[in-house]
Amino acid sequence: MKKMILVGRSECGKTTLRQALKGETLHYHKTQYVNHYDVIIDTPGEYAETGTLGRALALYSYEADVTALLINSNEPYSLYPPCCAAVNCRPTIGIVTQIDAPDGDPDRAERWLRLAGCEKVFRVSSYTGEGIWQLLEYLREPGDVLPWDNEEEANRAREVLSTKANDSRDVTGDGNWEE
């Protein structure tokens, strides 16, 4: 599988996406430092939000085959300037997370990622599983064994254990939102 680095602001869904791609139970924990998980490099949001730490992301991107810029669907603004992907020597994809958020605007988030220069944009929900299969198929290389055998299995709702205060999602894992 192609090795991917996840870049995005704090709480955009990088760690949750990593867990969903591996078929793990979803649980919140704050990423404190750059973590290498087999084929995924998970980074703290502060690295993308701070100019001096952003240089470290550039260095870590050399260890990956693909750079993924993440924006959740209810972001009030884009963290990425126009054409920023052009400075990367790796393919840059966009990932719109939290597409099932009731106040989200996945179309706007996708426009921002395309403006940043992302070659391909995926829309995913780590909670419901929507879009996970398409992202795995993009990352798949010949001979890879995926966590699931087919799209139906990959696009199922995940088990969610949330320790996040004021989490507005239904932690039963059925993908429904609380009011």
Test item: Asp105 and Ser73 side chains (from C-beta on) under 4.5 Å apart, heavy atoms: no
Lys2 side chain to Tyr138 backbone, donor-acceptor under 3.5 Å: yes
Arg140: partners by side-chain hydrogen bond (donor to acceptor under 3.5 Å, both in side chains), with sequence neighbours left out: Glu137
Flag side-chain contact, heavy atom, 4.5 Å: Glu63 against Ile41: yes
Expected output: side-chain Lys120 to main-chain Pro91 donor-acceptor under 3.5 Å: no
Under 3.5 Å donor-acceptor, Ser78 side chain and Trp112 backbone: no
Heavy-atom check, side chain of Leu21 versus side chain of Met4, under 4.5 Å: yes
Side chain to side chain donor-acceptor pair (under 3.5 Å), paired with Ser125, selected from Thr97, Asp100, Thr16: Asp100
Check against salt bridge (charged side-chain N to carboxylate O under 4.0 Å, His left out), Arg108 and Glu75: CA-CA 9 Å; Arg108 179 182 63 193; Glu75 292 277 349; over 6 Å; no
pair Leu69-Ile95: side-chain heavy atoms closer than 4.5 Å: no
Glu152 atom CD, over 12 foreign heavy atoms within 6.0 Å: no
Full working for salt bridge (charged side-chain N to carboxylate O under 4.0 Å, His left out) between Asp107 and Arg123: CA-CA 9 Å; Asp107 292 331; Arg123 294 179 179 206; 2.5 Å; yes
